[in-house]
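Here is the structure we will look at, set down as structure tokens.
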Amino acid sequence: IEQTLHANRRPDGLYHAYNILRVGEGIAAVDHLYPMLEGQVAILSAGLLGVDEALNLLHSLRHSDLYRADQHSYILYPNRQLPGFLQKNKVDAGQVAGSALVAALTAAGDRRLIISDNRGGYHFPGWFRNFNDAAAALNILAEEPAYATLAQTERNFILNLFESTFNHSSFTGRSGTFFAFEGLGSIYWHMVAKLLLAVQENYQAAEKSGADQATLDALIAAYYDIRQGLGFNKSPDHYGAFPTDPYSHSPAGSGARQPGMTGQVKEEILTRMGELGVSVAQGTLRFAPTLLRASEWLTAGQGFDYLDVQGQERTVELPAHSLAFTICQVPVVYTQGAAASIEVAYTGGHTETIPGDRLDRATSQHIFDRDGAVQLLRITIPHAGL
């Protein structure tokens, strides 16, 4: 599997996502489709690429035809010009010049397999839906004495001509034929959110493996460059909708369309928790926000409003140079200090200070259970880790 994935690296640094198996008489070959954003997300999520390979891919992606500058984001597939109606189902005379079967059918005015027009061109019948219809027409002709030999002799030629005319094996559905609904030139916001998550995962893996700071900084820059293209960073005029609302896609030449709770919401919750440095391993909560930007910290004190596990409105006063969020409706307050520690405030007034950045399993379980035992977490983040 790993060899197969590596083999799909393109000369431009991107990766092939979908391939077509072409099987013929005594041969089997692989044909590639055009690059796709989901393919880049898949290879980044596979855990296969080294840090340098991931950075090279992200650099190639940013400078590829998948990048859409007007929204500072990425489209599903490179935009392209579709042929007009009169250019479709068109067979030039030269393509069938050596076909005795086409010549015989045309001379007899027989339109069951191929039709000549008044400009010297040819077309397959409009009622053909796919390869099977062309094959069925050939089967019928092969039963008729006038065409039997020719139909059998030229069967492969006609079927190959049909496939080369329509290229049905490369058909990708609406994404390659529509102009909206995740069609040509569209940004599909759920896939961009998946890209964001994949880059965050690569950052976390690089950090865990002990990558140098310059490498980590490059991954952070790539991560926030993708994040900058998401709606909540834009004005309504630029985004084309309320920036805080989730939308399915942004077609070429227009703003966001098709509102709703798309999968984008899931990935943005996951990445936000990652930015805040929250992780769970072996049933224990850890807080290590190395991806958090300096601009996230409050410059002045203010109140933080939340709903506790009983659904009651509460407020925690925050000092300057702090921030707050909730996990399972338990408020978490970050402050900065010399060493990592966690102060657990229990219901009833008892507090406990735990050195380091990880809770024990029992305290973590109280939070996950929302049983009200833990009232507040005050976490000191070391300056060196920011």
Side-chain angles (χ1 to χ4, degrees), residues 193 196-197 200-201 204 207-208 227 232 244-246 260-386:
L196 187 72
L197 179 60
Q200 186 181 96
E201 290 169 344
Q204 292 166 341
E207 184 181 39
K208 186 176 181 179
R227 186 177 183 266
F232 65 87
T244 53
D245 285 353
M261 289 293 285
T262 70
Q264 176 190 1
V265 176
K266 175 189 64 178
E267 269 77 19
E268 288 203 44
I269 290 172
L270 293 173
T271 53
R272 185 56 177 157
M273 286 292 103
E275 291 168 14
L276 291 167
V278 179
S279 62
V280 180
Q282 304 299 316
T284 63
L285 274 162
R286 184 183 181 219
F287 304 89
T290 60
L291 193 56
L292 199 62
R293 295 183 298 180
S295 60
E296 298 271 14
W297 299 89
L298 295 175
T299 57
Q302 69 176 63
F304 172 64
D305 301 324
Y306 70 99
L307 294 176
D308 67 14
V309 293
Q310 282 80 36
Q312 300 298 310
E313 294 183 1
R314 304 288 184 184
T315 300
V316 175
E317 294 301 323
L318 304 178
H321 311 299
S322 69
L323 61 85
F325 56 96
T326 62
I327 294 179
C328 300
Q329 294 173 268
V330 174
V332 179
V333 178
Y334 280 0
T335 57
Q336 301 176 28
S341 66
I342 303 174
E343 180 186 295
V344 183
Y346 294 97
T347 301
H350 173 63
T351 64
E352 178 187 7
T353 300
I354 302 171
D357 58 13
R358 188 184 296 278
L359 287 175
D360 58 69
R361 182 188 290 268
T363 306
S364 299
Q365 194 62 51
H366 283 305
I367 294 171
F368 298 147
D369 289 343
R370 302 176 191 246
D371 60 14
V374 178
Q375 189 176 60
L376 176 73
L377 298 177
R378 293 188 183 276
I379 300 177
T380 301
I381 306 299
H383 297 298
L386 298 174

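Just the heavy atoms: all of them, side chains too, but no hydrogens, waters or symmetry mates, feed the values below.
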For the side chain of [X] and the backbone of [Y], is there at least one donor-acceptor N/O pair under 3.5 Å apart?
X    : Y    : result
S322 : P319 : yes
Q336 : I381 : no
R227 : L196 : no

Exercise for review: Given side chain to side chain contact (heavy atoms under 4.5 Å, CB included), test F304 with T315 step by step and report yes or no.
Suggested key: CA-CA 5 Å; F304 172 64; T315 300; 5.8 Å; no
Smallest separation among heavy atoms of [X] and [Y], with atom names:
X    : Y    : answer
A338 : P382 : O-CB, 3.7 Å
G274 : L291 : O-CB, 4.4 Å
H321 : W297 : O-CE3, 3.4 Å
T299 : A320 : O-CB, 3.7 Å
Q282 : R361 : O-NH2, 2.9 Å

Check your understanding: F325: what forms a ring pair (Phe, Tyr, Trp, His ring centres under 6.0 Å) with it, not counting sequence neighbours?
Key -> Y334
Review point. Do R378 and V316 have side chains that get closer than 4.5 Å, going by heavy atoms?
Key: yes
Mind checking the [atom1]-[atom2] spacing from [X] to [Y]? Nearest 0.5 Å is all I need.
X    : Y    : atom1 : atom2 : value
Q200 : E267 : CD    : CD    : 11.0 Å
L359 : I379 : CG    : CD1   : 6.5 Å
T271 : L276 : OG1   : CG    : 10.0 Å
Q365 : L285 : CD    : CG    : 10.0 Å
L318 : L323 : CG    : CG    : 8.0 Å
Q264 : I269 : CD    : CD1   : 10.5 Å

Point to revise | Partner of I367 by side-chain contact (heavy atoms from CB on, under 4.5 Å), out of V344, V332, V330, T326 | key: V330
Revision key, fill the gap. Exactly one of R370, Q329, R314, Q375 clears side-chain hydrogen bond (donor to acceptor under 3.5 Å, both in side chains) with D308, and that residue is R314
Practice item. Begin with the C-alpha distance, continue with both residues' side-chain angles, and end with the deciding distance and a verdict on side chain to side chain contact (heavy atoms under 4.5 Å, CB included) for T351 and Y346. Key: CA-CA 6 Å; T351 64; Y346 294 97; 5.9 Å; no
Exercise for review: Start with the C-alpha gap between V278 and R286, add the side-chain angles, then the distance that decides, and say whether side chain to side chain contact (heavy atoms under 4.5 Å, CB included) holds.
Suggested key: CA-CA 6 Å; V278 179; R286 184 183 181 219; over 6 Å; no
